[in-house]
Amino acid sequence: MIEEIKKVEEQWIKEQLELKKKLILKNELSFNPETLENLKRIGGVDISFFKEDPNKAVASLIVLDYPSFNIIYEDNEIVPLTLPYIAGFLAFREVPAIEKLYKKLVEKDKENEESKLPQVIFVDGNGYLHPRQFGFACHLGVILDIPTIGVGKNFLVIEDGVEMSMSYVKNKWKTETLPQHKDRQPLIGKSKTLYGYAIKSNETTTNPIFVSIGHKIDINTAIKIVLKTCVKRVPEPIRQADLRSRKCVREILKSHK
DNA sequence: GCGACAG
DNA sequence: ATCTTGTCGC
């Protein structure tokens, strides 16, 4: 059993490295990265689970108007999740469901007079901040061929010197920075790789969010948009997707019993 | 060998 | 991810 999982992980690592060849680290955006002029639509995705059914979940894709944060598109769907969650391989579990919702939006969008396609998608999980620099956000971005930004609420330990250990990052956040609003702390490993930033996204929050690039966007532009969209600790597109998918889980549970 | 471990 | 209300503080 343990051996089987090891084999699967080996295969998944190969797939990650193969897809990583398509990863684009520079801006390829339909808006101005300096001024954010022409940025109108930001997507957010999230998945909420049924506590009693580990294989069933609600996936949500929402699109917000920028800068009003009005929801201009929302889609929630019950999806089967067959694969387990394994740290470092989150994308294999969640990408298929999100991909399905996105393709549904692309189809619907052909009938729309004004496009509702997101110009960038916020992902609930890391991108470049990953053992092989190819987390969920990168994976989704490459698959959909759309700019993505990864946002983690918890730090993912990466083996790249003490600089990327949990205790080092947490301690540095607590002691060295004494974070002010919008303060950021670069996450750089012993190899000099810049994985992303820990950011104090709101005046009232003490814990940082961990921002990394996904696809077709650079880290400075990603951070700029993150700070513009953080009404709360988590960027609004992700927070809304989270709220909507949870609400669906609650209502389905209620109507079913 | 043991522990750590995005969602 | 999920179990979960009130409550402390500005």
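Just the heavy atoms: all of them, side chains too, but no hydrogens, waters or symmetry mates, feed the values below. These numbers come from a predicted model, not from an experiment. Every chain is numbered from 1 and lettered A, B, ... according to where its sequence line falls, protein lines coming before strand lines.
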Just verifying a value: how many Å separate A:E9 CD and A:I86 CD1, rounded to the nearest 0.5 Å? 5.0 Å

Listing request: all side chain to side chain donor-acceptor pair (under 3.5 Å) pairs with a residue in residues 154-163 of chain A, at least two apart in sequence or in separate chains. A:D160-A:S191, A:D160-A:Y195

Do the charged groups of A:E99 and A:K103 touch, with an N to O distance under 4.0 Å? yes

Under-4.0 Å salt bridge between A:E236 and A:R239: yes

In this structure, how many angstroms lie between the C1' atom of C:dA1 and the CG atom of A:L83, rounded? 16 Å

Could you tell me the separation between the CG atom of A:L253 and the P atom of C:dT2, rounded to a whole number of Å? 12 Å

Note, DNA chain B 5' to 3' with Watson-Crick or G-U pairs under 3.5 Å encoded as ( ), [ ], | and . gives .......

Tell me if the centroids of the rings in A:F136 and A:H130 come within less than 6.0 Å of each other. no

Base, backbone or nothing for each nucleotide of nucleotides 2-7 of chain B, written B, S, -, heavy atoms under 4.0 angstrom, 5' to 3'? ---BBB

Electrostatic pair A:D46-A:R244, nearest N-O below 4.0 angstrom: no

side-chain contact (heavy atoms from CB on, under 4.5 Å) between A:E34 and A:K224, worked out: CA-CA 9 Å; A:E34 299 299 325; A:K224 189 177 295 175; 4.0 Å; yes

Does A:K110 pair with A:E107 as a salt bridge, N-O distance under 4.0 Å? yes

